[in-house]
J.: 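Got a structure here, written out as structure tokens. Questions coming.
Throughout, protein chains are lettered first and strands after them, A, B, ... in sequence-line order, and every chain is numbered starting at 1.
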Amino acid sequence: MSAPRRIPAALVFAAVLLAGVALRAAPDGGADVAVAKAPEAGAQPPTDSNDDDDDDDDDDDDEKGGDEKGGDATAAPAAAESDDDDDDDDDDDDDDEQQGGQRAAPKVGADMDRDDMAIPVPPPPFSDDEIFPCSECHEADDEVNFERRAFDKEHKDIKLNHGTRDQWCFDCHTPQDRDNLHLASGRPVPFERSFVLCGQCHGPKLRDWRAGVHGKRTGSWNGVKQYLLCVNCHDPHAPHFKPLEPKPRPRRPSEIR
Amino acid sequence: MSCSDSTTGCADEGRRGFLQTAAAAAGVAMLASCSEEAREAFFQKHFKELNKEELAERLARLERTYTKQFGKPFKVGAEPAMEEVLFGYALDIARCIGCRRCVYACVDENNQSRDPQLHYIQVLEMDKAKGVDLAHADPYYEAEQVPREGHFYFPVACQQCENPPCVKVCPVQATWKEPDGIVAIDYDWCIGCRYCMAACPYGARKFNWGPPTLPADQANPDTHYLGNRPRQKGVVEKCTFCIQRVRKGQYPACVEVCPVGARKFGNLLDPDSEVRYVIDRKRVFILKEDLNTNPKFFYFYGV
């Protein structure tokens, strides 16, 4: 049964690849030089027509490694994810340009995509009630230690295990404005909308989360859904899911009387 | 046959007549001795043949029975299928960690027997090296913590086939496919022959071998006629996508409890639904595709 099916599947795959190449090349160089420009275009894909490729890359990763079990994205290939970064950053830049004049009176988050502001999310889970606002302890003009180190006085519960070794607090937290996070572009992001920050590296995850596919949903399948922030499930400082104790196994038939 | 031919023939007819009268009398006596509710249950019509009033009567009778049995008010609904809805389910096997939260959330929601134990969801532990290989899957894994190194987890429940073999074999039409795609069972019509269990290639149907025990404090009183109303000994039951929840727009209980968000549910006819998003964009497969059962339960993996 399955052997004859493989041939059409391979054909379809080839067709999808060809279509992808054509779509990618078109916005860059126009249709007349599409084929010639394809390799360059592939290196820096400008449109979201590369969704298929994202999926393929990341799927392979799942198959091989599989230690993504907990729903973590750290092992996802950088190339695939950066595609979506480009998209997001493009959007961001547009926003910045449009709203450049309003930057003088910044209300953090006010310049974000309206769709992102509309998604209802629960408040971020701070480790304890008194830890926020951070500015209670951290002043804007405090001296800032950029050295990567273990904490021995405060924040001892934080063991940073996220991304590459080069990552450090101020990639996400803002030294001069501790009560907000910031994107790579420097644009501030409130803690309540931290998923925008996560999404700049984990683009496909953010895309799926917006659609309701990544992460847990409760509520109504045909009505209002309750979203969770990334950090409601993933510890932002060590996002890989912690193992859980399973519930008891079912009884074997031999144990049933 | 005439009686004048032989005396033995006459004796036969006499005996037949006597037995008929005796049986009828015994029947009348038996029916007279049972309660009105038992009599109604005995002479009930098939669920699909009921008109509005008869259905309301049936539900009211069951509510009275369950309320008496469990000592707390029970609601038995029979919400019909919504228009333009075909339910589908998607499960991300790259996310599932095998914690079995879904198994027990299902039991709590659907009033399964606690002893003898009856689970709709079977979580299979599989070897990553072997892939989806049912011959080497273990539903009885025990572990301090999951996921275990080198394993992945594969929950199986009713696949809600579009072409359900269980429905074809039922000799009394006690099970059928609803318009929204849910394969439903009328527990009061099931004769317990278990043909459907033999026909189901997914092991999804479960039989009440003994009288189900359901502690009153654990019973979920919000029920549906074709779903989680209490069952009796000798009938078959199975997952109904939580028919009592999904027909009111809620997610099934297993979707809401899953700690890793591996379970997705929605309307296959709605292009914006979560299941359609999964089917359109992820690597999706169905279990035992070669059997042409056409399940509406999709396994997927990917970003």
Side-chain angles (χ1 to χ4, degrees), chain A residues 1-2 5 51-52 54-73 76-77 80-81 84 202-205 207-209 211-226 228 233 241-252 255-257, chain B residues 82 85 87 90 92 94-101 103-104 116-117 119 122-123 128 139-150 152-153 209-210 246 248-252 255-256 258-267 270 272-275 277-278 281-283 289-290 301-303:
Chain A
M1 273 304 273
S2 64
R5 277 188 195 170
D51 278 355
D52 284 341
D54 287 357
D55 287 346
D56 287 350
D57 288 349
D58 286 356
D59 283 344
D60 289 344
D61 192 65
D62 272 355
E63 280 172 341
K64 277 180 283 178
D67 44 355
E68 279 202 57
K69 268 285 151 69
D72 176 44
E81 302 225 324
D84 264 53
H202 305 287
K205 297 283 187 292
R207 177 194 66 198
D208 286 355
W209 176 84
V213 167
H214 179 100
K216 177 167 163 165
R217 290 291 172 284
T218 52
S220 172
W221 59 265
N222 61 355
V224 182
K225 292 165 201 201
Q226 272 87 54
L228 293 168
C233 302
F241 259 43
K242 309 290 171 290
L244 280 177
E245 190 190 343
K247 295 267 191 178
R249 65 170 175 82
R251 271 174 229 165
R252 293 172 190 275
E255 294 161 347
I256 298 171
R257 282 174 295 127
Chain B
M82 295 180 197
V85 168
F87 287 124
D92 190 345
R95 300 222 171 282
C96 176
I97 56 170
C99 70
R100 294 204 188 98
R101 301 281 187 281
V103 175
Y104 290 90
Q117 189 184 58
H119 291 167
Q122 227 182 353
V123 185
K128 273 187 187 163
Y140 304 111
Y141 63 92
E142 284 175 286
E144 292 275 304
Q145 288 189 318
V146 284
R148 286 205 289 187
E149 193 66 35
F152 70 102
Y153 298 86
W209 289 97
V246 297
K248 289 186 228 153
Q250 291 172 288
Y251 281 117
V255 172
E256 295 220 330
C258 180
V260 295
R263 293 171 167 270
K264 299 292 154 198
F265 181 82
N267 180 4
D270 172 8
D272 298 326
S273 69
E274 288 160 25
V275 257
Y277 184 95
V278 167
R281 288 156 204 256
K282 305 291 180 188
R283 291 185 173 191
E289 180 187 7
D290 45 339
Y301 51 101
V303 216

J.: Could you pull out the closest heavy-atom pair between Pro246(A) and Gly98(B), with the gap in Å?
T.: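 Reported closest heavy-atom pair: CB-O, 3.9 Å.
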
J.: So, Ser220(A) side chain and Gln250(B) main chain: donor-acceptor pair closer than 3.5 Å or not?
T.: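 Not confirmed, Ser220(A) side chain does not pair with Gln250(B) backbone.
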
J.: Look only at the side chain of Lys247(A) and the backbone of Cys99(B), and say whether a donor-acceptor pair between them is shorter than 3.5 Å.
T.: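 No: the side chain of Lys247(A) does not pair with the backbone of Cys99(B).
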
J.: Is chain A contacted by the side chain of Pro259(B), its backbone, both, or neither, given a heavy-atom distance below 4.5 Å?
T.: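 For Pro259(B), the contact with chain A is made by backbone and side chain together.
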
J.: Find the one option among His119(B), Arg148(B), Arg101(B) whose heavy-atom pairs under 4.5 Å with chain A are most numerous.
T.: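 Answer, by heavy-atom pair count under 4.5 Å with chain A: Arg101(B).
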
J.: For Tyr277(B) and Arg207(A), what are the C-alpha separation, side-chain angles and deciding distance, and is it a side chain to side chain contact (heavy atoms under 4.5 Å, CB included)?
T.: CA-CA 11 Å; Tyr277(B) 184 95; Arg207(A) 177 194 66 198; 3.5 Å; yes

J.: Donor-acceptor pair, Glu142(B) side chain versus Arg249(A) backbone, under 3.5 Å?
T.: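 Side chain of Glu142(B) to backbone of Arg249(A), a donor-acceptor pair under 3.5 Å: no, none is there.
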
J.: For the NZ atom of Lys216(A) and the OH atom of Tyr251(B), what is their distance to the nearest 0.5 Å?
T.: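 Going from NZ on Lys216(A) over to OH on Tyr251(B), the span is 12.0 Å.
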
J.: Using heavy-atom distances under 4.5 Å, tell me whether Tyr104(B) contacts chain A through its side chain, its backbone, both, or neither.
T.: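 Looking at Tyr104(B), just its side chain touches chain A.
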
J.: Among Gly249(B), Gly261(B), Ala143(B), which residue has the highest count of heavy-atom pairs closer than 4.5 Å to chain A?
T.: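 The candidate making the most pairs under 4.5 Å is Gly249(B).
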
J.: Find out whether Ile97(B) and Leu244(A) are in side-chain contact, i.e. whether some heavy atom of one side chain is under 4.5 Å from a heavy atom of the other.
T.: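 When only atoms from C-beta onward are counted, Leu244(A) and Ile97(B) do touch, with a gap below 4.5 Å.
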
J.: Counting heavy-atom pairs under 4.5 Å with chain B, which one of Gly219(A), Cys233(A), Ala211(A) comes out on top?
T.: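 Of the options given, most contacts go to Gly219(A).
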
J.: Using a strict cut-off of less than 4.0 Å between a Lys/Arg side-chain nitrogen and an Asp/Glu carboxylate oxygen, indicate whether Glu274(B) and Lys225(A) qualify as a salt bridge.
T.: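 A salt bridge links Glu274(B) with Lys225(A).
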
J.: Is any NZ, NE, NH1 or NH2 atom of the basic residue among Arg281(B) and Asp208(A) found under 4.0 Å from an Asp or Glu carboxylate oxygen of the other?
T.: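 Here Arg281(B) does not pair with Asp208(A) in a salt bridge, since their nearest N and O are not under 4.0 Å apart.
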
J.: Please determine which of Val246(B), Asp270(B), Val255(B), Val275(B) meets the side chain to side chain contact (heavy atoms under 4.5 Å, CB included) test together with Trp221(A).
T.: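 It is Val246(B); the other options fail the test.
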
J.: Who wins among Lys264(B), Arg100(B), Gln145(B) for the most heavy-atom pairs under 4.5 Å with chain A?
T.: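 Highest number of pairs under 4.5 Å: Arg100(B).
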
J.: Please check this pair: side chain of Glu245(A) against backbone of Glu144(B), looking for a donor-acceptor N/O pair closer than 3.5 Å.
T.: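 Not a single qualifying donor-acceptor pair exists.
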
